[in-house]
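These notes are about the structure you will find just below.
This is a predicted model, so every value here is computed, not measured. A note on names: the letters A, B, ... follow the listed sequences, proteins ahead of strands, and every chain is numbered from 1. No hydrogens, no waters, no symmetry mates; every other heavy atom, side chains included, goes into these values.
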Amino acid sequence: ERTFSAMMTVIAKEDKADEAERVLTSMAEAGWRPTAAAFNSLISLHVNHGRMSAALKVLDRMVCLAIHPTTATYTTIMSGYAAQGLHQEALNTFLALKEKGLSPDIVTYGCLLAVYRDLRRIQKMEDVIAELKREGLAANSVIYSTLIQAYAQEGRYDEAERVFEGLRVEGASVDVTLYNIVMSVHSRAGQPFKAVALFHSLLSLGLVPDTVTYNTLIQALSVGGLPGEVEKVHRHMLQANCACD
RNA sequence: GUUCGAGUUUUAC
């Protein structure tokens with residue numbers, strides 16, 4: 001059962017849609033009950049290639065086989081619509097999830113927030129974050145980084161920074177991606193020194209810079225009028241054995 | 001400490 005869904009994710013990563021379909025249907029025909037996670041992997045595969053109608057067909061077959069879609073099922077579909085800029089469809093999927101009696105989890109909310117960010121509905125985002133907290137969920141780095149991007153997109157850099165400070169006071173999780181995002185915001189705000197400062201605090205927290213970190217920092221320095229500093233970043237990168245281009 | 005799903009850099013008109 002468990003090894004099965006693992007197998008499905010492997011197949012999904014290699015984009016063998018037809019193979020995945022075959023395995024899944026033959027299992028079902030043999031009287032096995034594939035897990036919802038196995039179907040979710042297949043749905044995710046279609047979604048990652050922009051094949052929403054194929055994804056929805058899998059959802060239908062799931063229902064026909066009496067395998068109940070999960071929160072992850074709907075979240076996957078929602079993210080597919082969001083990726084295509086089909087915001088209303090994404091929001092409808094969120095409603096559908098709740099109508100089925102399922103509860104959105106932190107990943108679902110992260111996806112919902114990305115939709116409202118693209119729609120430039122900041123107040124709505126604040127409402128959603130309040131709602132998720134009311135439901136006992138802990139806002140994490142994904143939630144806050146999405147909000148930070150929304151403020152930055154409107155040029156409201158001080159509010160973006162306040163969110164970043166607030167999250168640390170609150171003790172929310174932090175990760176490299178959050179730092180990458182805030183560094184990028186400082187870069188666009190014309191504050192290369194803040195990006196550099198953030199790079200150092202990320203290191204002091206024991207976070208490991210990735211290729212996006214270095215690229216973002218280099219970008220911040222070159223557009224920020226400090227191209228001379230770029231060489232230092234390169235040296236740091238090589239010393240850290242980072243597999244960057 | 002049990003990874004099926006969410007957020008980040010660049011991208012030639």
Side-chain angles (χ1 to χ4, degrees), chain A residues 1-13 20 24 34-48 55 58-59 62 67-83 90 93-94 97 102-118 125 128-129 132 137 139-153 160 163-164 167 172-188 192 195 198-199 202 207 209-223 230 233 237 242 244-245:
Chain A
E1 349 57 40
R2 186 168 196 87
T3 57
F4 219 80
S5 34
M7 186 174 148
M8 288 300 301
T9 48
V10 170
I11 293 174
K13 281 188 180 153
L24 227 42
T35 61
F39 281 92
N40 291 347
S41 296
L42 179 54
I43 291 174
S44 170
L45 166 59
H46 288 307
V47 156
N48 289 334
V58 176
L59 173 60
M62 244 177 122
I67 291 157
H68 298 111
T70 62
T71 296
T73 311
Y74 288 98
T75 304
T76 305
I77 290 171
M78 214 202 308
S79 76
Y81 282 129
T93 306
F94 180 79
L97 178 159
L102 295 168
S103 302
D105 62 17
I106 198 65
V107 177
T108 314
Y109 280 116
C111 194
L112 181 63
L113 287 168
V115 172
Y116 283 128
R117 176 202 57 200
D118 293 344
M125 295 178 77
V128 168
I129 292 172
L132 104 230
L137 295 173
N140 61 20
S141 58
V142 174
I143 301 300
Y144 287 122
S145 66
T146 307
L147 183 61
I148 288 170
Q149 289 178 291
Y151 279 119
Q153 194 168 41
V163 174
F164 183 60
L167 114 227
S173 67
V174 299
D175 59 21
V176 213
T177 301
L178 170 67
Y179 276 79
N180 291 346
I181 289 169
V182 181
M183 281 172 57
S184 160
V185 165
H186 285 142
S187 171
R188 280 190 294 256
L198 230 43
F199 178 71
L202 151 189
L207 295 174
D210 59 17
T211 81
V212 175
T213 312
Y214 289 113
N215 287 338
T216 306
L217 187 54
I218 289 169
Q219 171 78 5
L221 294 172
S222 41
V223 310
V230 171
V233 180
M237 219 169 83
C242 177
C244 304
D245 354 70

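When the C1' atom of A6(B) is taken as reference, atom CD1 of I106(A) falls 10 Å away, rounded to whole Å. Per the geometry, CG belonging to N48(A) stands 12 Å off C1' belonging to A6(B), to the nearest Å. Rounded to an integer number of Å, the gap from M62(A) CE to G5(B) C1' is 12 Å. Following rounding to the nearest Å, I77(A) (CD1) and A6(B) (C1') show an atom-to-atom distance of 15 Å. When the P atom of C4(B) is taken as reference, atom OH of Y74(A) falls 20 Å away, rounded to whole Å.
The base of G5(B) is not paired with the side chain of T76(A) by any donor and acceptor separated by under 3.5 Å. Side-chain atoms of T71(A) and base atoms of G5(B) include no donor and acceptor less than 3.5 Å apart. One cannot find a donor-acceptor pair under 3.5 Å joining the base of A6(B) and the side-chain atoms of D105(A).
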Can you give one letter per nucleotide of nucleotides 7-13 of chain B, going 5' to 3': B for a protein heavy atom under 4.0 Å from the base, S for sugar-phosphate only, - for none?
-> BBB----

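Rounding to the nearest 0.5 Å gives a distance of 5.0 Å between CG of N40(A) and CE of M62(A).
In this model, no donor atom of one side chain and acceptor atom of the other lie less than 3.5 Å apart for S187(A) and S184(A). Side-chain contact annotation: T71(A) with D105(A), donor-acceptor N/O pair under 3.5 Å absent.
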Test log, rule side-chain contact (heavy atoms from CB on, under 4.5 Å), inputs F94(A) and V128(A) | CA-CA 12 Å; F94(A) 180 79; V128(A) 168; over 6 Å; no

In sequence, state the C-alpha distance, the side-chain angles, and the governing distance for L147(A) and L113(A), and then conclude on side-chain contact (heavy atoms from CB on, under 4.5 Å).
-> CA-CA 8 Å; L147(A) 183 61; L113(A) 287 168; over 6 Å; no

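With sequence neighbours excluded, the residues forming a side-chain hydrogen bond (donor to acceptor under 3.5 Å, both in side chains) with Y151(A) are E126(A), listed by chain and number. Listed by chain and number, the residues in a side-chain hydrogen bond (donor to acceptor under 3.5 Å, both in side chains) with T93(A) amount to none (sequence neighbours excluded). Residues satisfying the side-chain hydrogen bond (donor to acceptor under 3.5 Å, both in side chains) criterion with Y144(A), sequence neighbours excluded, are K133(A), E170(A).
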Which nucleotides of RNA chain B pair, in dot-bracket form (Watson-Crick or G-U under 3.5 Å, | meaning another strand) | .............

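Residue contacts for S187(A): at a heavy-atom cut-off of 4.0 Å it reaches no nucleic acid atom on any strand shown.
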Validation: residues 176-183 of chain A side-chain donor-acceptor distances under 3.5 Å, sequence neighbours left out:
residue, atom, partner, partner atom, Å
N180(A), OD1, T213(A), OG1, 2.7
N180(A), ND2, D210(A), OD1, 3.3

